[in-house]
Amino acid sequence: MTIDQHQSDVLIIGSGASGLSLALQLAGHAHVAVISKADVKEGATFYAQGGVSAVLDAEDSVESHINDTIDTGCGLCKSDVVEFVVENGRKSIGWLIDLGVNFPRLPESDGQEFHLHQEGGHSHRRVLHAADSTGKAIESTLENRTRAHSNIELFEFHTSLDLISRDGRCVGAYVYDQVNDRVRVFRSRCTVLATGGAGKVYLYTSNPDICTGDGIAMAWRAGCRVANMEFVQFHPTCLYHQEAKSFLISEALRGEGAQLLLPDGSRFMEKFDARGELAPRDVVARAIDHEMKRLGSDYVYLDISHRGEDFVIDHFPAIYARCIQYGFDLTREAIPVVPAAHYTCGGVVIDKNGRTDVEALYAIGEVSYSGLHGANRMASNSLLECVVFAHAAYKDIRRNLDHAAPLPSLPEWDESQVADSDEEVVVSHNWDEIRRFMWDYVGIVRTDKRLQRAKHRIRLLQDEIYEYYGNFRINNDLIELRNLSLVADLIIESALRRKESRGLHYTLDYPAPDPGVPARDTVLQPE
Ligand SMILES: Cc1cc2nc3c(=O)[nH]c(=O)nc-3n(C[C@H](O)[C@H](O)[C@H](O)COP(=O)(O)OP(=O)(O)OC[C@H]3O[C@@H](n4cnc5c(N)ncnc54)[C@H](O)[C@@H]3O)c2cc1C
């Protein structure tokens, strides 16, 4: 392997909604490098179906959006952050539209500009969408703009493996160039983690393969605090089909009247929550989990066929087409669905500018813990968070860039002590094992005993993985496995520390919120 160095004003690790929104704003003032672990589009953003939340309806209000977000967050939202994000909703949507994102407009006779969906937790229709492919519309526009910008350099199939700090300040990252099989040094006056979430730590997930928690792991190793990792959102409805790889069935279907059914055709959600199918996701996921376990069933059903063929195809064309591909016709029948890990509510602790604990290191989007979601994320607030925090970080970085100290020279990546891997099976085996026991022991319903089992296993595996990492030449799978094992450990540790059920963290040992103490974040600090 050879080495080479790259230098930019700002290094952005990740090319989803958060990373590219930031890159486009900074590029007018600074030279920006964006690196992406796969093709630029490949991230959660591209697959987002439901939409972006914002107060756009005359009947709706900023206060109502704030209150719904705080209610869903079960006592752990930071109210100033919620206000900040919600108040910037309309402006952020305007920015996306100006950029060219095509949210279809309604005819003037409808009296409102856009069709808005309603999703769980929202008390109004406020989810702006581009049919059921909102993420694709956003990501494609951001990508086209990014590729056309002369001040942004894009590095696809480059995996950041560790941040580089000098005197407490982040000065870049080591990056593995997958195509040329070499580690490069990326030096930068400011570095931003926009690496998305960690859904791949679970066996069943709606997340694409890139979501292995790399940013959280890198930030932790660099000395940043990580908070609230126990709050993993399980999406209640992914298509149950061997080849579908947990294809998500958007919550917007339930917003438009889709019903959850048991195999005998009866509804069950009202037994669990008066809001029925529109209860928050954690409630719906737990109800499904409960019914599946009670009946020994692998899935329940979701039925929207009563809304008629035209309505279903018009509102959900992409979901309809994918279901047809797998042999299910949404317009005529109920489809089998299961819950799957969907969103990482916890992450790298940041302030309202996206700053982490390490100087010149920022984190934005799903990798971060800003305080917006608290113990549970309200649907469609996350894309909004990406755009709002990209703008906040842009302002802060721009202010500080001129004062950044000169970059020191950095050492090359040293692999003189490592050999070619002798047994790749170690990587694939450990990868499968982590995802399986995280699903079984640290999933939708937890107990202390299950968590202790998981803790024991992750420690054994980590010893093996770290030893392997120290002895053999790295590749993409090994980088991801090392990060996945660390993130699994952080989730287990956080879950063990929370001796109550709250939001997305549900444990049979403490089935209610602790009334004795005020709600507190679980903040882990690297030693
Ligand atoms: C199926 C699905 C549907 C969703 N629907 C909605 C919705 O309707 N509304 C909503 O608000 N939210 C939705 N979400 C959540 C939302 O899409 C994400 O929270 C959001 O897109 C995250 O954006 P991001 O920029 O933080 O990360 P991502 O879009 O996930 O991008 C992460 C980027 O980081 C890169 N990366 C990761 N690790 C490395 C590394 N080590 N080195 C280099 N690059 C790296 C990846 O290559 C990628 O470019 C959905 C999520 C999924 C999975």
Side-chain angles (χ1 to χ4, degrees), residues 11-23 33-54 117 119 127-130 132-139 142-143 146 154-163 173-178 186 192-200 205-218 233 235 237-238 245-252 255 281 319 340-345 347 363-368 372-373 377-387 389-390 476 479-480 482-483:
L11 170 64
I12 300 177
I13 306 173
S15 58
S18 55
L20 295 188
S21 298
L22 175 59
V34 176
I35 67 166
S36 160
K37 201 159 60 163
D39 172 84
V40 68
K41 282 197 189 69
E42 194 56 19
T45 301
F46 185 79
Y47 296 98
Q49 297 172 345
V52 197
S53 60
H117 276 149
E119 296 185 326
V127 180
L128 181 63
H129 60 102
D132 55 355
S133 302
T134 310
K136 187 173 170 188
I138 294 175
E139 181 71 16
L142 291 170
E143 179 190 359
T146 301
L154 199 49
F155 298 87
E156 291 170 283
F157 299 96
H158 278 63
T159 309
S160 171
L161 55 106
D162 261 321
L163 299 165
Y174 287 115
V175 177
Y176 175 63
D177 170 351
Q178 297 167 37
F186 276 67
V192 183
L193 294 167
T195 47
K200 289 295 284 187
T205 175
S206 66
N207 287 189
D209 290 346
I210 59 99
C211 296
T212 49
D214 296 0
I216 297 171
M218 284 188 281
Q233 185 168 64
H235 196 288
T237 53
C238 285
K245 231 182 160 191
S246 298
F247 176 64
L248 187 82
I249 307 296
S250 168
E251 183 158 348
R281 285 180 181 172
I319 297 175
H342 184 56
Y343 187 82
T344 312
C345 285
I364 53 173
E366 193 170 336
V367 66
S368 67
L372 172 67
H373 307 301
R377 175 190 72 124
M378 192 165 72
S380 290
N381 268 353
S382 37
L383 283 171
L384 180 62
E385 182 187 33
C386 288
V387 183
F389 271 88
N476 214 50
I479 294 169
E480 290 187 341
R482 175 179 175 239
N483 292 332

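Whatever order the structure lists ligands and atoms in, that order sets their numbers, starting from 1. Please read all numbers here as calculations on a predicted model, not as lab measurements.
Ligand 1 is never approached by G135 to a heavy-atom distance shorter than 4.0 Å. Residue contacts with ligand 1 leave out T134, since none of its heavy atoms falls under 4.0 Å from the ligand. Residue V52 places no heavy atom under 4.0 Å from ligand 1. Contact between H158 and ligand 1 is present, with at least one heavy atom of the residue lying under 4.0 Å from the ligand. Note on ligand 1: I13 sits in its first shell, one or more heavy atoms being nearer than 4.0 Å. At least one heavy atom of H342 sits closer than 4.0 Å to an atom of ligand 1.
Between T45 and ligand 1, at least one N/O pair is under 3.5 Å apart. Checked by distance only, ligand 1 and S15 come closer than 3.5 Å through their nitrogen or oxygen atoms. Between G50 and ligand 1, at least one N/O pair is under 3.5 Å apart. Of the polar atoms of G365, none of the N or O atoms is found under 3.5 Å from an N or O of ligand 1, judged by distance alone. Taking distance alone, with nitrogen or oxygen atoms compared against 3.5 Å, A17 approaches ligand 1 more closely than that limit.
In terms of protein heavy atoms, atom 26 (O) of ligand 1 is closest to E366 N, 3.0 Å. Residue, atom and distance of the protein heavy atom nearest to atom 7 (C) of ligand 1 are G51 O, 3.6 Å. At the shortest separation from atom 53 (C) of ligand 1 among protein heavy atoms lies N207 ND2, 3.5 Å. Atom 42 (N) of ligand 1 has as its closest protein heavy atom S160 N, 2.8 Å. Atom 15 (C) of ligand 1 has as its closest protein heavy atom S382 OG, 3.6 Å. At the top of the distance list for atom 47 (O) of ligand 1, counting protein heavy atoms only, stands K37 N, 3.0 Å. Nearest to atom 5 (N) of ligand 1 among the protein's heavy atoms is A48 CA, 3.3 Å. Ranking protein heavy atoms by distance to atom 14 (N) of ligand 1, first place goes to R377 NH1, 4.0 Å.
Taking each of G196, S21, G19, S18 in turn, the one with a heavy atom nearest to atom 27 (O) of ligand 1 proves to be G196. Closest heavy-atom approach to atom 17 (O) of ligand 1 among the candidates S380, A44, G14: A44. For atom 36 (N) of ligand 1, the candidate residues are I364, D214, T195; the nearest heavy-atom contact is made by T195.
Side chains of S206 and H342: a donor-acceptor N/O pair is present below 3.5 angstrom, by distance only. Judged by distance alone, the side chains of N483 and T212 never bring a donor and an acceptor atom under 3.5 Å apart. Under the 3.5 Å distance criterion, with hydrogens and angles disregarded, a donor-acceptor pair is assigned to the side chains of E385 and H373. Side chain to side chain, E366 and S382 fail the donor-acceptor criterion of an N or O pair below 3.5 Å.
With a heavy-atom cut-off of 4.0 Å, S53 does not touch ligand 1 at all. The part of Y343 lying near ligand 1 is the side chain, judged by heavy-atom distances below 4.0 Å. When non-hydrogen atoms are compared, ligand 1 lies under 4.0 Å from neither the backbone nor the side chain of E139. With a 4.0 Å heavy-atom cut-off, ligand 1 is reached by the backbone of L383 and by its side chain too.
Those atoms of ligand 1 with a heavy atom of T159 less than 4.0 angstrom away are 41 (N), 42 (N). For ligand 1 and S206, the ligand atoms under 4.0 Å from any heavy atom of the residue are 1 (C), 53 (C). The ligand atoms of ligand 1 that sit less than 4.0 angstrom from a heavy atom of G16 are 25 (O), 29 (O), 31 (O), 49 (O). Ligand 1 places these atoms under 4.0 Å from at least one heavy atom of Q49: 5 (N), 8 (O). Each of the following atoms of ligand 1 lies closer than 4.0 Å to a heavy atom of G43: 29 (O), 30 (O). Near A194, with a cut-off below 4.0 Å to any heavy atom, the atoms of ligand 1 are 32 (C), 33 (C), 34 (O).
Of the possible donor and acceptor atoms, none in the side chain of Q178 sits under 3.5 Å from a partner among the backbone N and O of N476. Not a single donor-acceptor pair under 3.5 Å links the side chain of T45 to the backbone N or O of E139. No donor-acceptor pair under 3.5 Å is formed between the side chain of E119 and the backbone N or O of G255. Between the side chain of E143 and the backbone N or O of V40, no donor-acceptor pair lies under 3.5 Å.
When the options V34, I12, V387 are evaluated for a side-chain contact (heavy atoms from CB on, under 4.5 Å) with L22, the one that passes is I12.
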